[in-house]
Amino acid sequence: CILKKSIAQVAAKTLASARQMLQVARVFYNAGLPVRTLRSGGTPCNRILDRLIQKLDTRFQTGQAVQRHFSGQASPQPRKVTVVGSGNWGCAIAKIVAQNTATLPEFHDTVAMWMFEEEVEHMGVKMKLSEVFNQSKENIKYLPGIQLPQNVVAEPDVKKAVADADILVWVLPHQFVPRTVQNMGNPKPGAMSVSLIKGGLELEGGKLGLCSDVLRKLLQHSVSVLMGANVANEVAQGQFCEATLGSDAPAEAQALLVKLFDCQDFRVRAVDDIAGVELCGALKNVVALGAGFCDGLDFGGNTKAAIIRIGLEEMTHFIRHFHPGVKDNTFLESCGVADLITTCFGGRNRKCAEAFVRGKGVRSWEEIEKELLGGQKLQGTLTAQEIWPVMVEHELCEKLPLLTTIYQIAFESKNPRAIVALSPVQRD
């Protein structure tokens, strides 16, 4: 009886110590201190815990593993994540995702990244881009100077890249989506996607279709969207920013997706408004063309501020025309006004639009894109071409004079100075 009582006391002390170590380990991890520096105090029970902590120190699963052992709970299978796309934004978000998967038990450590195979010159030798990346963890063509975590692995075969993936993160130009889905085959049953794709709008049956709709139809699973004031290079450098997750997934899945992206330097908030989030992300690129036209004409901050304000107003009107249920607060999230501001002051659409005006119509958009973007794609001009027939069919041109003028300057040789000579708004 005395022996049984002693064993029970030891077991109780061990469980209490495990719980205390869990709390302390969390504090250490959040402070950036290695868990292996924890030491318990020297008793036989605590020395057992010390050895356990050392054994599990490679990841912060120490407390959870001990707690599950004593409670008898089974550990859920970690979700595998694949980033579909490897341009500058694809690599920037892969860096965020990989940092999180390396520390969160909900996810498998390794992040696969589908990389379209290209030949590049590296240190005087022609090599495949994926090989250079897997050796150096740097995308020397699309995100030079930034090293991604070791747990990001580039895979040029899209079918292999997405095999067994539970979460697909889509970051590629929208015009490549159908072909990519066709080449990858059927996704894993129960998988879900997050689209970071801006654009891909089309009119279908009188309703404005979204790129997420296309993905949802092709993949036959849940598709959320992530948009925000996120210039890729700044995100990759760890500069603080925010993003908005638009999702109609169940609360548990939505929380999991927030965990996948949210971190100290990249704060994510979820809203139940996929259409509002995604359309803000697409239309702001068109308004950014107008901001670039202003820069090409050497107008100042007052003019650009006016373009931004009018642009936000017209974005709101356009979105509400097709999706009257969008939420007011969505426009105040990072995907709305914040993304519009940063895109109108930085980013590829503004830069190319400025070059277009300074070139006085001599250079085409294709030439400017090739010269300034180094293989990246310009989204603002594509989106402008997508929404123009929609605006015409729904008689929105007079109600949206800024978006109308931007299209006419870009594709109908209208004088760029028309950007500050907008017609009075005609709305009901």
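Note that this is a predicted model, so its numbers are computed, not measured.
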If you compare all heavy atoms of [X] against all heavy atoms of [Y], which two are closest, and at what distance to 0.1 Å?
X	Y	value
F356	A410	CZ-O, 3.9 Å
V258	V268	CG1-O, 4.1 Å
T101	D109	OG1-O, 3.0 Å
R350	T343	CB-O, 3.7 Å
N349	A288	CB-CB, 4.0 Å
D166	P78	OD2-O, 4.1 Å

Can you check whether [Y]'s main-chain N or O pairs, donor with acceptor, with [X]'s side chain at less than 3.5 Å?
X	Y	value
E386	L201	yes
N139	S86	yes
D265	C241	no
E138	L143	no
E117	S130	yes
K304	C344	yes
S334	E242	yes
D273	K327	yes
S195	S212	no
W114	P156	yes

Would you give the length of the straight line joining atom [atom1] of [X] to atom [atom2] of [Y], rounded to the nearest 0.5 angstrom?
X	Y	atom1	atom2	value
K198	L226	NZ	CG	8.5 Å
L218	Q182	CG	CD	9.5 Å
S222	I274	OG	CD1	7.0 Å
M227	E333	CE	CD	14.0 Å
I96	D262	CD1	CG	9.5 Å
L312	R309	CG	CZ	8.5 Å

Look at the rings of F322 and H394 and say which category their plane angle falls in: under 30° parallel, 30 to 60° tilted, over 60° perpendicular.
perpendicular
N285-T383 side chain donor-acceptor pair, cut-off 3.5 Å:
no
Evaluate the side-chain proximity of [Y] to [X]: yes if any heavy-atom separation is below 4.5 Å, no if none is.
X	Y	result
V97	F261	yes
L256	I167	yes
L148	K95	yes
N329	V271	no
F293	T405	no
L378	C352	yes
V214	V181	no
V84	M184	no

Residues H321, V390; criterion side-chain contact (heavy atoms from CB on, under 4.5 Å); working and verdict
CA-CA 11 Å; H321 181 86; V390 175; over 6 Å; no
One thing to verify: whether D339 and K284 come together as a salt bridge, which I'm taking to mean a side-chain N less than 4.0 angstrom from a carboxylate O.
yes
Salt bridge check: are E366 and K370 linked by an N-O gap of less than 4.0 Å?
no
For I197, which of L210, V171, V225, V177 qualifies under side-chain contact (heavy atoms from CB on, under 4.5 Å)?
V177
Kindly determine whether E278 and H323 satisfy side-chain contact (heavy atoms from CB on, under 4.5 Å), including the steps that lead there.
CA-CA 12 Å; E278 186 168 357; H323 295 273; over 6 Å; no
Mark yes when over 12 heavy atoms from residues, nucleotides or ligands other than [X] sit less than 6.0 Å from its [atom1]; otherwise mark no.
X	atom1	result
K188	NZ	yes
F176	CZ	yes
R320	CZ	yes

Could you go through the side-chain contact (heavy atoms from CB on, under 4.5 Å) check for V392 and Y407 one step at a time?
CA-CA 12 Å; V392 171; Y407 177 84; over 6 Å; no
Residues forming a side chain to side chain contact (heavy atoms under 4.5 Å, CB included) with A253, sequence neighbours excluded:
M192, A249, P250
So Q254 and S224, side-chain contact (heavy atoms from CB on, under 4.5 Å) or not? Walk me through it.
CA-CA 9 Å; Q254 199 172 109; S224 301; over 6 Å; no
